[in-house]
Number of protein chains: 2
Amino acid sequence: MVMGRPRSFCTDKALDEAMEVFWRHGYDGATLAMLTKAMGIKPPSLYAAFGSKEGLLKAALDRYAERRAEHMRYVLAGATARDVAERFLSSIAESHTDPANPPGCLLVQGGLACGAGSENIPFELASRRAQTETELRERFVRAKRDGDLAEDGDPAALARFLSTVASGMGVLASSGADREALREVARVSLGAFPPSHGVADEPG
Amino acid sequence: MVMGRPRSFCTDKALDEAMEVFWRHGYDGATLAMLTKAMGIKPPSLYAAFGSKEGLLKAALDRYAERRAEHMRYVLAGATARDVAERFLSSIAESHTDPANPPGCLLVQGGLACGAGSENIPFELASRRAQTETELRERFVRAKRDGDLAEDGDPAALARFLSTVASGMGVLASSGADREALREVARVSLGAFPPSHGVADEPG
DNA sequence: CAGCTTTTGTATCGAGTGGTAGATAAGTCA
DNA sequence: TGACTTATCTACCACTCGATACAAAAGCTG
């Protein structure tokens with residue numbers, strides 16, 4: 001089997017650069033010129049590798065999801081429901097103000113509203129945001145079964161609340177709020193969380 | 001003084017239509033073709049009246065602010081800090097899912113990230129969002145002075161928390177969440193609010 | 001080497017972008 | 001009525017958009 005000319009750029013590195021452009025300018029605001037310049041490649045190479053601008057975004061979102069996966073593993077490993085909430089919010093305060101990335105969250109910055117021809121982009125981003133909420137909800141369902149979430153705690157409502165606060169923190173960060181401001185929001189938000197009790201909180 | 005040919009369209013009606021387009025598609029996603037079609041006028045009329053696309057957005061934002069002003073008057077008229085928070089969140093759950101408007105909040109949907117040439121749009125929107133937070137903060141400062149906010153309640157932190165939740169609810173609504181979902185988020189969020197005490201809560 | 005496959009760069013496509021020039025229409029005032 | 005002012009319409013500007021045709025280049029196989 002003949003191999004053909006080998007690719008001259010690293011797909012993952014190129015995706016990291018594309019991710020940053022989408023993150024900073026949104027899907028509609030990110031032009032092919034910006035993307036190809038940041039990725040260090042020409043349009044035909046981009047289209048050969050990713051198919052289309054939308055295909056490139058999805059590949060970048062997949063890579064973003066990989067990064068967040070280990071993140072969420074740490075969050076979900078919290079001992080109690082409240083501990084999970086605390087890990088979730090405080091780690092978001094850090095990541096959304098990480099100077100290594102554009103401020104905020106790619107899944108929010110990417111585009112809540114798009115122009116004609118890219119109406120499905122907001123849906124794509126929303127479905128990826130929803131996944132985090134689902135992970136939290138399932139964790140809280142388990143927490144309730146295990147007794148480390150209060151009896152009157154609603155797993156679905158709490159997961160949606162945390163996910164909503166996370167989105168709001170993304171908006172806040174994108175307006176230039178500093179890390180301390182986000183930490184404060186996280187701290188206040190935790191006040192809405194029912195205190196854990198049961199096995200995980202019992203002394204000894 | 002000579003008057004000249006009178007304007008053939010109603011500025012406010014045209015702004016309402018433009019507002020809806022910006023709301024649904026964002027600043028970058030809203031094209032002149034969409035805007036002029038919705039407003040029922042031709043480009044030269046638009047430019048004569050509003051100067052530029054950005055000028056049109058600012059005029060639409062001013063109109064949006066007028067609408068919200070009476071809204072906020074009701075919110076800030078709450079008897080206690082907690083009552084203000086409750087009014088704020090529940091009215092947002094309603095307004096962000098009002099079928100008469102696109103879902104979410106114009107100040108969020110309008111554009112968190114924009115393309116080259118409209119980098120100042122996100123700042124413009126952020127500064128308008130910040131105004132709501134300021135109004136809440138000032139109300140809570142007064143509440144603390146009047147004794148209807150707990151001693152350990154931080155007016156700035158609480159205002160920022162509410163503003164953040166409101167932005168998050170905007171994101172949630174724009175992903176298609178229904179009114180009941182937003183009401184639930186509002187209900188959970190209120191749990192983060194310190195219970196009011198003092199004169200306003202005293203019996204009698 | 002020749003032959004094949006795939007990638008790369010140049011140069012460009014048609015469509016759509018925000019914005020405008022210039023003529024015409026519709027009013028008011030003398 | 002006719003001069004004056006302003007708004008509106010048609011047509012179009014230069015430019016950028018996402019995407020691609022085509023040929024040269026770079027690798028492997030025989």
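All chains are named by letter (A, B, ...) in the order of the sequence lines, taking the proteins before the strands, and each is independently numbered beginning at 1.
- Rounded to whole Å, atom P of C:dG18 lies 13 Å from atom CG of B:Leu57.
- Counting all heavy atoms, side chain and backbone alike, B:Met34 lies closest to B:His25 at SD-CD2, 3.7 Å.
- Residues meeting the side-chain hydrogen bond (donor to acceptor under 3.5 Å, both in side chains) test with B:Glu133, sequence neighbours left out: none.
- In terms of the ring pair (Phe, Tyr, Trp, His ring centres under 6.0 Å) criterion, residue partners of A:Tyr64 (sequence neighbours excluded) are, by chain and number, A:Trp23.
- Judged purely by distance below 3.5 Å, without hydrogens or angles, the side chains of B:Asp28 and B:Ser118 pair a donor atom with an acceptor atom.
- Per the geometry, CD1 belonging to B:Ile41 stands 14 Å off P belonging to D:dT10, to the nearest Å.
- Atom CZ in A:Arg7 sits roughly 13 Å away from atom P in C:dG9 (whole-Å rounding).
- Regarding A:Met3, its CE atom lies at a distance of 13 Å from the C1' atom of C:dT7, rounded to whole Å.
- Rounding to whole angstrom units, NZ of residue B:Lys42 and C1' of C:dG22 are separated by 17 Å.
- In this structure B:Ser189 satisfies the side-chain hydrogen bond (donor to acceptor under 3.5 Å, both in side chains) test with no other residue, sequence neighbours excluded.
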- Query: Can you give one letter per nucleotide of nucleotides 18-26 of chain D, going 5' to 3': B for a protein heavy atom under 4.0 Å from the base, S for sugar-phosphate only, - for none?
  - Reply: SBBB---BB

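- Counting heavy-atom neighbours within 6.0 Å of B:Phe9 CZ, excluding the residue itself, gives a total above 12.
- The separation between B:Leu46 atom CG and C:dT17 atom P is 14 Å, rounded to whole Å.
- The side chain of A:Ser45 places an N or O atom within less than 4.0 Å of a non-bridging phosphate oxygen (OP1 or OP2) of C:dT8.
- Less than 4.0 Å separates DNA chain D from no heavy atom of any residue of residues 8-24 of chain A.
- A:Arg139 and A:Val84 get closest at one heavy-atom pair: NE-CG2, 3.7 Å.
- Every pair passing side-chain hydrogen bond (donor to acceptor under 3.5 Å, both in side chains) that includes a residue from residues 166-175 of chain A is listed here, sequence neighbours excluded: A:Gln109-A:Ser174, A:Ser175-B:Arg129.
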